[in-house]
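Handing you a structure now.
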Amino acid sequence: MTGSVDLLITNGIVMTMGADNRIVDNGAVAVCGDAITAVGPAGEFAALTARETIDAGGGIIMPGLVNTHTHAAMTLFRGLADDLPLMTWLNDHIFPAEALLDPQKVQAGTLLGCTEMILSGTTCFCDMYLFEGAVAEAARTAGLRAVVGEVLYDFPSPNYGPIENGFAYTCELIDRWRDDPLVSIAVEPHSPYLCAPDLLTTAAGIARDNRVPLVIHLSETRSEVADIRKKYGLTPVQHLADLGVLGENLLACHCVILDEKDIDLLQRHEVKVAHNPESNMKLASGIAPVAELVARGVCVGLGTDGCSSNNNLDLFAEMDMAAKLHKASRLDPTVLDATTVLRMATIEGARALGLDGITGSIETDKKADIIVIDTRKPHLTPMYHPASHLVYAVGASDVSATVVGGRVLMKNRRLRNLDIEKIMADARQIADEIRGH
C-alpha cells in the first residue's frame, strides 16, 4: 500500500468489532479526512506517508466506546445526594438542584463530562437533559459524537416552560443540527410516570416524522411498574405498546423490571435497550434481565446514566460490572461473555442509537472513531485474550489516545482541544452556588 493519509494508527492489536469480530494481531488503521480508508496488517502500511502517526506500542486499537444513556451535565451533581431511593433522590434533591440550572451551567457541566469521556475512551454518547442546545454545543466543542434530546415531561421545565414549548424547542433542535457531522437530535420524553399519554404519542409522532430516535426511561423500578399498573392497568412496556409508541427507533433506558410479555413486546417491535448496571445497583432499582434480552435478539447497549447516580462516566468499569453482575445473579459464569459485553459497549451501542452504519466498529468507510489502549502495564501483563482484558482488566486510565471523526482529541493522555483546569474550575464555582441554596 502506497500513498499518503491524514492519520495512521499502527503497531497494535486491532479489534474491529465488525460482524465477524475480526482481530488483526499486528495491525494498523489508515484514516483520510473523517473516515477509515484501510484496516490490515501493519506491514502492508509501511510505504504509506501520514500527516500524523499514533504508535499503539503493541497495545489495542479498537472502536471508541458508545455510552447509550447519559445526563452529561449532571457531573455538576456528582456526590450531591447518595445512598437514597430513586424517587427521594429525584424529587427531594435532583429536581431542586436542577431548578438552579441555565444554559451556561449545563454547557460547563457537559464540557466536564466530555472531558471525562475523552479521557476514558468514550467517543459517542446519548444525552437526555435540560437546555440540550447547550449540550449539543459542548459536544461539538469537545469533538465528541453525540445524540442529544431535551427532556420532556408534564410539569413546566426550567428551560422551555409548558410542554407545547418543549415540543417546539425539540423541533428547533432537530432543524438546527440536522446536517451536523457529529451531533444529532432525539426526541426524549422522560418516562411513562412523568409523561401523560398525549405527551408520549405526540413525542413519538415528532420522532417518526423526522426519522430520529425516541428515547425514554422505562420500567426502571418496581414502584414505577406498580404506579403505571394502578393508573392504566398495564406495565410500562405494555402501556407504551397500547399507545403505539414502541418501535425500532425507540431506545428504552433501564428496563429493569420486565415480565415475559414485556420482553416479547420489546423483541417484536425491535426496541433497543440501554443497560445501566452501576446506576441500577446504586439506586437499588434491581438487575435488568439482560441475558434474556440478548438471547431473544434484542439490541442492548451500555450506559453509565448520570454522574449523580453512578458516579462516573467510565464505560470500562461499566463493562466489568455488567459482565460480573449477571454471572452472579444467574449463578452462571458463561452468561454475558467478554465479547458479548464488548460488543454492547461498541457496535451494539451504535446500533441502539441508529449509528451502526457510521461508528461502533473499525471498518473501511466508517467514521474514524477509534481509541488506543496502552497494555504496557503490570495489570495488563500477560495478555492471552484481548476481549477478556478489555472487559475485566483495562481501566479508564489505560486509554492513551482518542480519535473522533479522524480528529485526534487525546494523544499520550494529553487532551488537545480542551482546557481541563478551566473546565474543572468552572464546575467547582457552580458547585459553590449549589451549596449556597
Side-chain angles (χ1 to χ4, degrees), residues 6-7 31-36 63-73 103-104 106-115 117-118 122-152 159-160 166-188 203 206-215 249 251 272 301 303 313 349-361 365-371 402-410 415-418 423:
D6 292 316
L7 176 65
V31 177
C32 288
D34 66 352
I36 296 166
L65 305 182
V66 179
N67 191 336
T68 59
H69 185 53
T70 66
H71 312 287
Q104 291 72 35
V106 167
Q107 187 161 4
T110 303
L111 281 172
L112 181 62
C114 288
T115 302
M117 285 189 272
I118 293 168
T122 291
T123 56
C124 177
F125 69 100
C126 180
D127 199 72
M128 173 193 283
Y129 209 52
L130 303 157
F131 303 102
E132 281 289 315
V135 174
E137 294 289 352
R140 194 75 175 86
T141 296
L144 285 178
R145 197 172 302 282
V147 178
V148 309
E150 184 74 12
V151 64
L152 305 170
N159 179 16
Y160 55 75
F167 293 138
Y169 182 82
T170 295
C171 291
E172 289 168 8
L173 287 176
I174 292 171
D175 290 339
R176 160 71 177 83
W177 295 93
R178 192 180 299 277
D179 298 318
D180 193 87
L182 288 178
V183 177
S184 55
I185 305 300
V187 183
E188 305 201 4
I206 294 171
R208 189 165 47 247
D209 292 345
N210 288 278
R211 297 184 178 181
V212 299
L214 180 69
V215 181
N249 72 323
L251 176 61
K272 314 305 188 292
L313 299 173
R351 185 155 74 97
L353 302 181
L355 297 177
D356 51 313
I358 66 170
T359 192
S361 60
D365 297 329
K366 278 198 169 185
K367 301 303 181 186
D369 298 349
I370 302 166
I371 61 175
T402 300
V403 178
V404 179
R407 182 185 181 191
V408 180
L409 304 182
M410 178 178 72
L415 293 188
R416 289 198 166 174
N417 62 320
L418 294 176
I423 288 169

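Side-chain atoms are counted along with the backbone in the values below, which use heavy atoms only and exclude waters and symmetry mates.
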Original post:
Would Leu111 and Ile423 count as a side-chain contact (heavy atoms from CB on, under 4.5 Å) if you check the C-alpha gap in whole Å, the side-chain angles of each, and the deciding distance to 0.1 Å?
Top reply: CA-CA 7 Å; Leu111 281 172; Ile423 288 169; 4.3 Å; yes

Subject >> Test side-chain contact (heavy atoms from CB on, under 4.5 Å) applied to His71 and Met128, step by step >> reply: CA-CA 5 Å; His71 312 287; Met128 173 193 283; 4.0 Å; yes

Original post:
Taking Asp34 for the side chain and Lys367 for the main chain, is one N or O donor matched with an acceptor at less than 3.5 Å?
Top reply: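 Not at all, since once roles are kept as given, no pair shorter than 3.5 Å links the two residues.
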
Original post:
If every non-hydrogen atom of Asn67 is compared with every non-hydrogen atom of Gly303, which pair is closest and at what distance?
Top reply: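 Scanning both residues completely, I find the closest heavy atoms to be OD1-CA, 3.2 Å.
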
**OP:** Begin with the C-alpha distance, continue with both residues' side-chain angles, and end with the deciding distance and a verdict on side-chain contact (heavy atoms from CB on, under 4.5 Å) for Thr123 and Leu65.
**Re:** CA-CA 6 Å; Thr123 56; Leu65 305 182; 5.9 Å; no

Original post:
Is the side chain of Glu132 donor-acceptor paired with the backbone N or O of Tyr129 at a distance under 3.5 Å, no angle test?
Top reply: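 Such a contact is found between Glu132 side chain and Tyr129 backbone.
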
Original post:
Can you check whether Arg211's main-chain N or O pairs, donor with acceptor, with Asn249's side chain at less than 3.5 Å?
Top reply: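 No; zero donor-acceptor contacts below 3.5 Å.
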
**OP:** Could you pull out the closest heavy-atom pair between Asp180 and Arg140, with the gap in Å?
**Re:**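 Closest heavy-atom pair between Asp180 and Arg140: OD1-NE, 2.9 Å.
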
**OP:** Nearest 0.5 Å please: distance from the CD1 atom of Ile358 over to the CG atom of Leu353.
**Re:**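 Output value for this atom pair is 10.0 Å.
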
Original post:
Any side-chain heavy atom of Ile36 within less than 4.5 Å of one from Ile370?
Top reply: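 Ile36 reaches Ile370 side chain to side chain.
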
**OP:** Going by the side-chain contact (heavy atoms from CB on, under 4.5 Å) test, name the single residue among Asp127, Leu130, Asn159, Thr170 that passes it with Val151.
**Re:**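 That would be Leu130; it is the only one of Asp127, Leu130, Asn159, Thr170 passing the side-chain contact (heavy atoms from CB on, under 4.5 Å) with Val151.
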
Original post:
Out of curiosity, Cys124 SG to Met117 CE, how far, rounded to the nearest 0.5 Å?
Top reply: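 Reported to 0.5 Å precision, the distance equals 9.5 Å.
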
Original post:
Would Val147 and Val215 count as a side-chain contact (heavy atoms from CB on, under 4.5 Å) if you check the C-alpha gap in whole Å, the side-chain angles of each, and the deciding distance to 0.1 Å?
Top reply: CA-CA 10 Å; Val147 178; Val215 181; 5.6 Å; no

**OP:** Determine yes or no for a side-chain-to-main-chain donor-acceptor pair under 3.5 angstrom, with Gln107 supplying the side chain and Val135 the backbone.
**Re:**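 No, the answer is negative, given that no donor and acceptor are paired below the 3.5 Å cut-off.
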
Subject >> Ile371 side, atom CD1; Ile118 side, atom CD1 - distance, nearest 0.5 Å >> reply: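 So the CD1 of Ile371 and the CD1 of Ile118 are separated by 12.5 Å.
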
**OP:** Over all heavy atoms of both residues, which pair between Gly143 and Arg407 is shortest? Give the atoms and the distance, please.
**Re:**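 Nearest pair, atom of Gly143 first, then Arg407: CA-NH1, 3.9 Å.
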
Original post:
Is there a donor-acceptor pair closer than 3.5 Å between any side-chain N or O of Thr122 and the backbone N or O of Val66?
Top reply: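 The answer is no, because no donor-acceptor pair under 3.5 Å joins these two groups.
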
Original post:
About how many Å separate CG of Leu409 and SG of Cys114, when rounded to the nearest 0.5 Å?
Top reply: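 Here the interatomic distance stands at 10.0 Å.
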
**OP:** Determine whether Ile174 and Val187 make a side-chain contact, defined as any pair of heavy atoms from C-beta on separated by less than 4.5 Å.
**Re:**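 Yes, at least one pair of side-chain atoms sits under 4.5 Å.
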
Subject >> Side-chain (Arg145) to main-chain (Ser184) donor-acceptor, under 3.5 angstrom >> reply: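 Here the side-chain-to-backbone pair does not exist.
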
Subject >> Closest non-hydrogen atom pair between Glu188 and Val148, with its separation >> reply: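 Shortest heavy-atom contact: OE2-C, 3.8 Å.
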
**OP:** State the OG1-CZ distance between Thr110 and Phe131, to the nearest 0.5 angstrom.
**Re:**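 Between Thr110 OG1 and Phe131 CZ, I get 11.5 Å after rounding to 0.5 Å.
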
**OP:** For the residue pair Asn210 and Arg178, establish whether any side-chain heavy-atom pair is separated by less than 4.5 Å.
**Re:**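 Yes, side chains in contact.
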
**OP:** Could you tell me whether a side-chain N or O of Asp369 sits under 3.5 Å from a main-chain N or O of Val404, the two making a donor and an acceptor?
**Re:**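 No.
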
Original post:
What heavy-atom pair brings Ala146 and Ala139 nearest, and what distance separates the two atoms?
Top reply: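 Nearest pair, atom of Ala146 first, then Ala139: CB-CB, 3.8 Å.
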
Subject >> Ala350 versus Gly360, closest heavy-atom pair with distance >> reply: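 Distance-wise, the nearest heavy atoms are CB-CA, 3.9 Å.
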
Subject >> Straight-line distance of Glu150 CD to Leu173 CG, nearest 0.5 Å >> reply: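 CG of Leu173 is found 7.0 Å from CD of Glu150.
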
Subject >> 4.5 Å side-chain heavy-atom contact, Trp177 and Glu137 >> reply: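 Yes, at least one pair of side-chain atoms sits under 4.5 Å.
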
